[in-house]
2 protein chains.
Amino acid sequence: MNFPAQEQVNEMNLINIESVKLSCKNCSLSELCLPRSLSDDDLARFEEIVDTRPPIPKGGALYHAGEASQALYAIKSGAFKSVVTTEDGEEQIVGFHMPGELVGFDGVESVHNCTVVSLDRSTVCELPLRDLEALSRKVEGLQREVYTVMRREISQEQAMLLLLARRTAESRLASFLLSLSHRLGSRGFSRNEFNLVMSRHDIANYLGLAAETVSRLITRFQESGIVEVNRRRVTILDLAMLKERVGQPGGTKV
Amino acid sequence: MNFPAQEQVNEMNLINIESVKLSCKNCSLSELCLPRSLSDDDLARFEEIVDTRPPIPKGGALYHAGEASQALYAIKSGAFKSVVTTEDGEEQIVGFHMPGELVGFDGVESVHNCTVVSLDRSTVCELPLRDLEALSRKVEGLQREVYTVMRREISQEQAMLLLLARRTAESRLASFLLSLSHRLGSRGFSRNEFNLVMSRHDIANYLGLAAETVSRLITRFQESGIVEVNRRRVTILDLAMLKERVGQPGGTKV
DNA sequence: CGTTAATTTGATCATCTTCAACATGAGTGG
DNA sequence: CCACTCATGTTGAAGATGATCAAATTAACG
């Protein structure tokens, strides 16, 4: 493993071999990461295949489109965006990834078609596919676990297709805020108050809108007393009303 | 949706046991389906887990959202659409599926979140997940094969997200036609002349447009001499020009 | 051959984009 | 500590793309 010089050097020198070894058992993500249902025995085997990676600075890439896909990554801290790029330089953010989530499932014929960019200083665990495959032939539940995560990913993207194809700008932003609130909440953070790790521009891109539209919507939501937004700090004041804004403006038809 | 018994009954009675037995080896889809890289020996084991299903009439469902996910399906003939439905009855088509393709990857916690509807009289092979999991612990390449298909599915949906978020109506329809041409072509059908199995309404829904818009665009494409469309019969007259319409109208910026 | 569903065409309208200007904040060096 | 600069975000006005409503055509099918 290749550690760029910088600050980690200090850490590396101070930390002894033992403490560098990962412990999935004690990891705060263990309930969210793959080895949820593994026995102690299997967990030990799982830990063996997990690699560490140097922290990824803001703006740095976990991997690039076009690179060979060789591992999955569990996000320990920070956050990422997945970006699809067309030949003519057009970019589309197809997902944001929070701590506790797995990334690396995109790709055709073992070549990534997304670039995954860190939105913050982020740390990840690397799970080499080769080892993961080998291990999941031995460990009963692991293979199913991976399928489950991939299936969820597919379903999430399908929900996003619906969002982009059918909903108004207002509904999209409301959904986005609720989704963030939910995902952070289920990971032990506050559901009502959180930081947006991504820029307005990123949000707009993700939601298929112009940045100006997002800005205007945020203002509108504030004026309605639904949320309070200060820079990137979001406070949800009226969850019920926010949920109402997800439904189309005319109210639920049928 | 309610799946009446109907016509299948006749067929079931006529077919004898022998002819029901599947042969993946001789199947015309074998190059496209899962067992691409399997040895004869492994192929035999693969055949054992494959079930037959009665043909699904037009409008019938392969499975419904909410049902337990228990199998993958290889499409032998016909075609399907995957539909996501919201609480308030809104529907979004998230994919069309052609012969040779696999479906059944959607779902959260082993519950489907799509309904897969036949657009024609369709036949499928059923691959029970339980058996598939067991077999892929024994057969080296199989597990990877499944991952590959799922990864491709994820990537395709990401491409669709870009389409819906960033492209004009014209670009969407052009992409759609090219995609159909490509998919059918790679399965041995004509790239220049094919039938649309889905209605204008379905196309529009899939592309996040109004049916009227699709109709107008088709007319416009015809007037430009790009395609000829007669009812559901499509002939691509000028592939290059069609590809041009994918790029944004103003030409490629930067 | 009539009845119904699917598609096409026309006209108007709304939402969201684009362009432009401005405000605010963070970071930097004097 | 302040002034400056660059990045980010906000606001306003005009314009465009595509939706919706309405009506006419055409195809499908019993």
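Worth saying up front: this structure is predicted, and the values here are computed from it rather than measured. All chains are named by letter (A, B, ...) in the order of the sequence lines, taking the proteins before the strands, and each is independently numbered beginning at 1.
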(message) For DNA chain D, which residues of residues 197-216 of chain B approach it to below 4.0 angstrom with any heavy atom?
(response) Gly208(B), Leu209(B), Ala210(B), Glu212(B), Thr213(B), Arg216(B)
(request) Nearest whole angstrom, please: distance from the P of dA19(D) to the CD of Glu170(B). (result) 14 Å
(request) Spell out, as yes or no, whether a donor-acceptor pair under 3.5 Å connects the side chain of Arg151(B) to the backbone of Asp106(A). (result) yes
(message) Go nucleotide by nucleotide along DNA chain D from the 5' end; which of Ile218(A) and Arg166(A) gets its closest nucleotide reached first?
(response) Ile218(A)
(request) Have a look at Arg172(B) and say if it touches a base, only the backbone sugar-phosphate, or nothing, with a 4.0 Å heavy-atom cut-off. (result) nothing
(request) Side chain of Arg231(A) only, please: which of dG25(C), dT8(C), dC16(C) is the nearest? (result) dG25(C)
(request) Please confirm whether the backbone N or O of Leu162(A) pairs with a side-chain atom of Arg167(A), one donor and one acceptor, at under 3.5 Å? (result) no
(request) Using atom types as modelled and distance alone, determine if a side-chain donor or acceptor of Thr115(A) lies under 3.5 Å from a backbone N or O of Ala65(A). (result) yes
(request) Indicate yes or no for a side-chain donor-acceptor contact from Ser224(B) to the backbone of Arg220(B) under 3.5 Å, with no hydrogens or angles considered. (result) yes
(request) Specify the separation, in whole Å, of atom CD of Gln222(A) and atom P of dG9(D). (result) 14 Å
(message) Tell me every residue that passes ring pair (Phe, Tyr, Trp, His ring centres under 6.0 Å) with His97(B), counting only those two or more places apart in sequence or in another chain.
(response) none
(request) To the nearest Å, give me how far apart CG (Leu173(B)) and P (dT7(C)) are. (result) 14 Å
